[in-house]
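Data block below; observations after.
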Amino acid sequence: MSFPSVEKQLEVIKRGTVEILPEEELVGKLQKSTKDGKPLRIKLGCDPTRPDLHLGHSVILRKLRQFQDLGHHAILIIGDFTALIGDPSGQNKTRPSLSADEIRKNANTYLEQAGKVLDLDKLEIVYNADWLGKMSFEDVIRLSSKLTVARMIERDDFSKRYQNNEPISLHEFLYPLAQGQDSVHLKSDVELGGTDQKFNLLVGRHLQQLDKQPPQVCLMMPLLVGTDGTHKMSKSYDNYIGIDENPNDMYGKVLRIPDNLIYNWFELLTDVEVEKLAFYKKKAESDPRDAKHDLAFVITEMYHGKTAAEEARNHFEQTVIKKEMPEDALVLSFEPGTKQRLIDIISNTGFTSSNGETKRLMKQGGVSVNDEKITDMNFELTFTSESEFQLKVGKRNFAILRSE
RNA sequence: GGGGGGAUACCAAAGUGGCCAACUGGGGCAGACUGUAAAUCUGUUGGCGUAAGCCUUCGCAGGUUCGAAUCCUGCUCCCCCCA
């Protein structure tokens, strides 16, 4: 097994990285692996409580992929056992525990999506219930003796919750221990995680040391800032872009991010090589509009291919910039000679969730037929044999109504 | 084991017998504007109805009252303090 030079590897590994603890140890491990021709064991745990992956998750998955491409051994842990607890990191609430069935199902969805980033052929996938589930109560007691309460509650998320009179369940203390035990079991050399994982990753190191193993290096990636430009990307803030998302939405949502995020996203979410990054950094300042379109294109292309990305770009230009009908507008047919109220037609499209909402939209000028705003609630459309109407509801919903 | 506090719409949070479909903020949606689906400003934000109006909603179940999110009873869940 041969690897790129340690310098080259470090360059790749450090891209976008916030912190490597301790960095010298990583260098040492890389040198040793190069010398022995032995890949490093890179661990990443995933949480199968929420199966929908978004670009925020892709940051860390991409880092794992980079290790794969460098020739190292990637291990993805499906935290089916730890999901019983729910990671308290960065949470202000106890996570709900899921049933084993739901977890299995989620795990499959997760892998399907993660496969768009990772090289599944070279990936070792393990389920931590395989070893954690076999521990006896005695084992758990011994394990929990290795960390003090004082250390535990000095964590931000716990101390904050405690101060705010929010509940912390005892079992949440077991999460970092369980995750650390994974490292002991897998003898990992490096564990990847978001910055919010620092404590958990360090516990793994600690436990490995007590087990007389060479401790893992902890590598922290930043939490991706979501489309709102302030919060980390997550479903609960609704500022996310799903890995599964259709090209049009993906492209459009990327364009919505604040300009100051453009470079950051290039760095964390794309394969654009290091030399080109500098170019985009400049472009993001001098020409944010084009830089952002480039970014949207590159990201859409990564997940959907070039053709889809081109179509998404056209779709955006057509609907948002020129405000024209998109090619993929919904087409509805009506019998010639019929007459229908616009309100009822819109309700049938599913563009709105109630008649009340439709009326509100009309009142506010959000509904137009053939580019003319319709505010009359009683407006009716009469279909003759040759009728065709272009309907726009809100910003994003288009339909063509024609006689047939 | 004892004492105290709480549960309101997507979230946070007012309201403590009629003026409450419920202040306000965030979020969402729409309009204007824009390179943009950003920012900003404005409007809007339970259902049915063209409207008048009607119906459902303030943890759950009952009750008092002409009338309750607001008062009473029971229940469920949560938080804090003392032990």
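The structure presented is a predicted model; accordingly, all values stated were derived computationally and were not measured. Numbered from 1 within each chain, the chains take letters A, B, ... in sequence-line order.
Between U8(B) and C78(B), the two P atoms lie 15 Å apart (nearest whole Å). A68(B) and U76(B) have their P atoms separated by 26 Å, given to the nearest Å. For C23(B) and G35(B), the P atoms lie 37 Å apart once the distance is rounded to whole Å. Nucleotides G15(B) and A32(B) have their P atoms positioned 39 Å apart, rounded to a whole Å. Taking atom P in both A69(B) and G17(B), one finds a spacing of 13 Å when rounded to whole Å. Look at the P atom in both G3(B) and G74(B): the space between them is 15 Å, to the nearest Å. Rounded to whole Å, the separation between the C1' atoms of A14(B) and C82(B) comes to 32 Å. Atom P of G59(B) sits at a distance of 13 Å from the matching atom of C11(B), rounded to the whole Å.
Under a cutoff of 6.0 Å and an axis angle of 45°, K232(A) and Y240(A) do not form a cation-pi pair.
Atom CG in D249(A) sits about 19 Å away from atom P in U36(B), given to the nearest Å. As a whole-Å value, the separation of M377(A) CE from A52(B) C1' is 16 Å. Separating the CG atom of L255(A) from the C1' atom of U36(B) is a distance of 6 Å, rounded to the nearest angstrom. At whole-Å resolution of the value, NZ in K359(A) and P in G49(B) are 5 Å apart. Here U36(B) presents its C1' atom at 10 Å from CD1 of I262(A), a figure rounded to the nearest Å. Atom-to-atom, CH2 of W265(A) to C1' of A38(B) comes out at 12 Å; the value is rounded to the nearest Å. One can place CG of L295(A) at 17 Å from P of A37(B), the figure rounded to the nearest angstrom. Following rounding to the nearest Å, M362(A) (CE) and U44(B) (P) show an atom-to-atom distance of 18 Å.
Listed pair S354(A) / G46(B) fails the phosphate criterion, with no side-chain N or O lying under 4.0 Å from OP1 or OP2. A close approach under 4.0 Å does occur between a side-chain nitrogen or oxygen of N355(A) and OP1 or OP2 of G49(B).
Ring to ring, F81(A) and Y127(A) are not that close: their centroids are 6.0 angstrom or more apart. Ring centers of H73(A) and F67(A): at least 6.0 Å apart, outside the cut-off.
For the residue pair Q197(A)/Q179(A), the side-chain donor-acceptor check at 3.5 Å is satisfied. A side-chain donor from one of T352(A) and T358(A) sits under 3.5 Å from a side-chain acceptor of the other. Looking at T82(A) and N128(A), their side chains do bring a donor and an acceptor atom within 3.5 Å of each other. Side-chain N/O atoms of S347(A) and N355(A) include a donor and acceptor closer than 3.5 Å.
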Listed pairs, N/O of protein and of nucleotides 26-32 of chain B, under 3.5 Å:
unit_1 : atom_1 : unit_2  : atom_2 : d
A30(B) : OP1    : K395(A) : N      : 2.9
A30(B) : O2'    : Q364(A) : O      : 3.2
G31(B) : O4'    : Q364(A) : O      : 3.4
G31(B) : O3'    : K373(A) : NZ     : 3.0
A32(B) : OP1    : K373(A) : NZ     : 3.1

Q: Determine, stepwise, if the pair E11(A) / K8(A) fulfils salt bridge (Lys or Arg N to Asp or Glu O under 4.0 Å).
A: CA-CA 5 Å; E11(A) 183 187 300; K8(A) 183 72 203 163; 3.5 Å; yes
Q: Show your reasoning for whether side chain to side chain contact (heavy atoms under 4.5 Å, CB included) applies to L224(A) and N264(A).
A: CA-CA 9 Å; L224(A) 186 75; N264(A) 180 252; 4.1 Å; yes
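For the pair T319(A) and K363(A), both in contact range of RNA chain B, the more 5′-proximal nearest nucleotide belongs to T319(A).
The aromatic rings of Y251(A) and F316(A) are tilted relative to each other, their planes meeting at an angle between 30° and 60°.
Counting heavy atoms from C-beta outward, V393(A) and L391(A) have side chains that approach closer than 4.5 Å.
Note on G252(A): a base of the nucleic acid sits closer than 4.0 angstrom, heavy atoms only. D259(A) comes within contact range of at least one nucleobase, with a heavy-atom separation under 4.0 Å.
Listed by first residue number, the stems of RNA chain B with at least three Watson-Crick or G-U pairs below 3.5 Å are B:1-7 with B:76-82, B:10-12 with B:24-26, B:27-32 with B:40-45, B:46-48 with B:53-55, B:59-63 with B:71-75.
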